[in-house]
Amino acid sequence: MNRRHLSLTVLLGAGLACSDMATPARDEPYEWRLVVGTDTLSFHWPREMLPVRVWVEDSLDMPAHVEHGIGIWRDAFLYGEYDAVLVGDSADADVLVRVLTPPPKAVATAARVLASFPGCGGATDIDTTTTRFELQLPVRMYVFPKFDPALVDLSECFDITATHEIGHSLGIFRHTGDPADMMYSDPEASGLSERDRQTAEVLSHYPPNMVPVR
Amino acid sequence: MRSLLILLLVAAAPAAAQVRLSARAGITGSTAMVKDQILEDIEVVPALAPTLTIGASLQVNPKVRADLELAYATSTAEVEEDGDQTGDLGSVGTLAYTLGLSGPIVSRLAWRLSLGGLTYLPSEEQGIFRDGGHTTLLFGAGLDWRQPLSDAWAIVAGFRYDYHTFTTDALDAQGFTQSQQVQRIGLSLGAAWDMP
């Protein structure tokens, strides 16, 4: 074997000797499931329903804030587990986003997760009341200003609120106790923490015991 | 790469009359690009990819030809969980550009060894491709069978094996270390034309 052949063989051998990609160490996810009575309910959007259709009230530039939140969550996933698009007709939507203070719940027993921010607030209603193992669509979300938006720039607040509420709509039905998490009850973080991302990954592969229904 | 091509062309200049052009169509199969585990085993595997290959080769000595080959393949990047396809990441093209040497084994059968590059061209920036594709070194080997039809034309069939490593910026950002070894096999059929 001449030197050229030897070099090629060594090069190929070195390549073949490389070990495979190493899966990263992942932290434990935080609790995302909804407890109703004695039931612990888990949900993620079925693949066949992606992209999730989101209707957003066209007020205070909210469609842009919701798109911002969708993009942040979409980028948290490596394998296309979540995607959403804005739709123009609320009748076709899986998720409705209103720009108003949450009204009395459409179904009194629906779970409501509320978040509070310095300048604005948000809420998501999760209606599981039919059988507890069905998620009634559309999921209803609310984002609202606490001050006159003409006087105070609430853009960042709306971005964070919309991202937080989108987190609820994709299946994180609980708040965390860590202010670094987007899903903290009064979030301050503008992006996802590693725990947010890993929880979203895990819940999207965890067998759901809720199915979406209309 | 460009320097090597120039060297090959210069070396082959006296035999310029022996330039051979070829075009082939076929399919390429690949092993998994990514292996992961989130509660269950996850793999991203390209589906069988229709492939178009064009090449030009030069006789550099009586027993060896040097060639440049471009192969474009496109297919869906399928996501499999515990062996079942659960989704996809859209279509992903691969462009392989290799310089090779080939020579006869028996009368119509020839070997080929190659070295070059491979670029992944995702159609959508999402998932593992959210920060773009990937370019890597490509090592290849193959066999070509050539059936002359006339002085200038021949039918050619090719078998290709190649090896590369895969990762993306998105995988790096999420803590994946090292790269996934990927092996591909391709079969193709086409025509070759010896320039006068």
Side-chain angles (χ1 to χ4, degrees), chain A residues 2 4-5 7-29 32 42 44-51 70-85 191-208, chain B residues 31-45 76-82 84-90 101 113-115 122 124-131 136-141 161-168 170-183:
Chain A
N2 64 30
R4 185 183 304 171
H5 288 146
S7 302
L8 186 59
T9 304
V10 168
L11 200 58
L12 280 169
L16 290 168
C18 292
S19 58
D20 271 346
M21 177 178 283
T23 300
R26 291 185 165 98
D27 295 336
E28 283 293 307
W32 72 89
S42 181
H44 63 76
W45 293 97
R47 288 269 189 172
E48 60 272 18
M49 286 189 71
L50 299 181
I70 290 170
I72 283 182
W73 283 107
R74 184 195 294 121
D75 284 351
F77 295 95
L78 287 173
Y79 307 112
E81 296 94 330
Y82 174 75
D83 194 12
V85 292
L192 305 187
S193 67
E194 197 55 23
R195 292 200 324 145
D196 288 317
R197 194 182 63 72
Q198 292 182 3
T199 301
E201 272 188 332
V202 169
L203 81 84
S204 67
H205 294 274
Y206 189 87
Chain B
T31 59
M33 297 185 288
V34 178
K35 292 182 180 179
D36 193 3
Q37 188 172 46
I38 304 172
L39 299 180
E40 53 203 347
D41 291 331
I42 299 172
E43 291 188 350
V44 180
V45 187
T76 304
E78 297 177 344
V79 178
E80 296 182 357
E81 297 179 31
D82 280 344
D84 297 324
Q85 188 192 342
T86 56
D88 66 71
L89 298 173
L101 295 173
L113 288 174
S114 64
L115 178 65
E124 297 172 39
E125 293 198 339
Q126 63 157 321
I128 62 171
F129 295 113
R130 69 166 186 247
D131 297 324
T136 184
L137 270 176
L138 185 72
F139 305 97
Y161 163 85
D162 63 42
Y163 168 89
H164 65 279
T165 59
F166 178 86
T167 188
T168 63
L171 290 165
D172 288 344
Q174 295 205 2
F176 285 78
T177 55
Q178 302 181 49
S179 297
Q180 179 63 39
Q181 300 178 70
V182 182
Q183 300 173 73

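Proteins come first, then strands; the chains are lettered A, B, ... in the order of their sequence lines, and each starts at number 1. Keep in mind the model is a prediction, meaning the values are calculated, not measured.
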(request) Check whether any side-chain N or O of A/Arg26 sits under 3.5 Å from a backbone N or O of B/Gln37 as a donor-acceptor pair, and report yes or no. (result)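 Yes, the answer is positive, given that a donor and an acceptor are paired below the 3.5 Å cut-off.
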(message) Tell me every residue that passes side chain to side chain contact (heavy atoms under 4.5 Å, CB included) with B/Glu78, counting only those two or more places apart in sequence or in another chain.
(response)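 Side chain to side chain contact (heavy atoms under 4.5 Å, CB included) check on B/Glu78 returns B/Ala47, B/Thr76, B/Glu80, B/Gln85.
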(request) Using a cut-off of under 4.5 Å on heavy-atom pairs, state which of B/Ile128, B/Val44, B/Thr167 scores highest against chain A. (result) B/Ile128
(message) If I take atom OH from residue A/Tyr206 and atom CD1 from residue B/Ile38, how far apart are they, to the nearest 0.5 angstrom?
(response)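 Between atom OH of A/Tyr206 and atom CD1 of B/Ile38 there are 15.5 Å.
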(message) Test: salt bridge (Lys or Arg N to Asp or Glu O under 4.0 Å). Region: residues 74-85 of chain A. Which pairs qualify, not counting sequence neighbours?
(response)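 Sorted pair list: A/Arg74-A/Asp83.
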(request) List the atom of B/Asp36, the atom of A/Tyr79, and the distance in Å for their closest heavy-atom pair. (result) OD2-OH, 2.8 Å
(request) Please report the shortest heavy-atom distance between B/Gly175 and A/Pro24, naming the atom on each side. (result)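 Taking B/Gly175 first and A/Pro24 second, the nearest heavy atoms are O-CB, 3.3 Å.
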(message) For B/Glu81, which atoms come within 4.5 Å of any heavy atom of chain A: side chain, backbone, both, or neither?
(response)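 It is the side chain, since no backbone atom gets that close.
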(message) Quick check on A/Ala25 against chain B: is it the side chain, the backbone, both or neither that has a heavy atom closer than 4.5 Å?
(response) neither
(message) Counting C-beta onward and ignoring hydrogens, is there a side-chain heavy-atom pair between B/Ile42 and A/His205 closer than 4.5 Å?
(response) yes
(request) Check whether any side-chain heavy atom of B/Gln174 lies under 4.5 Å from a side-chain heavy atom of A/Leu78, and answer yes or no. (result)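 Yes, close enough: below the 4.5 Å cut-off.
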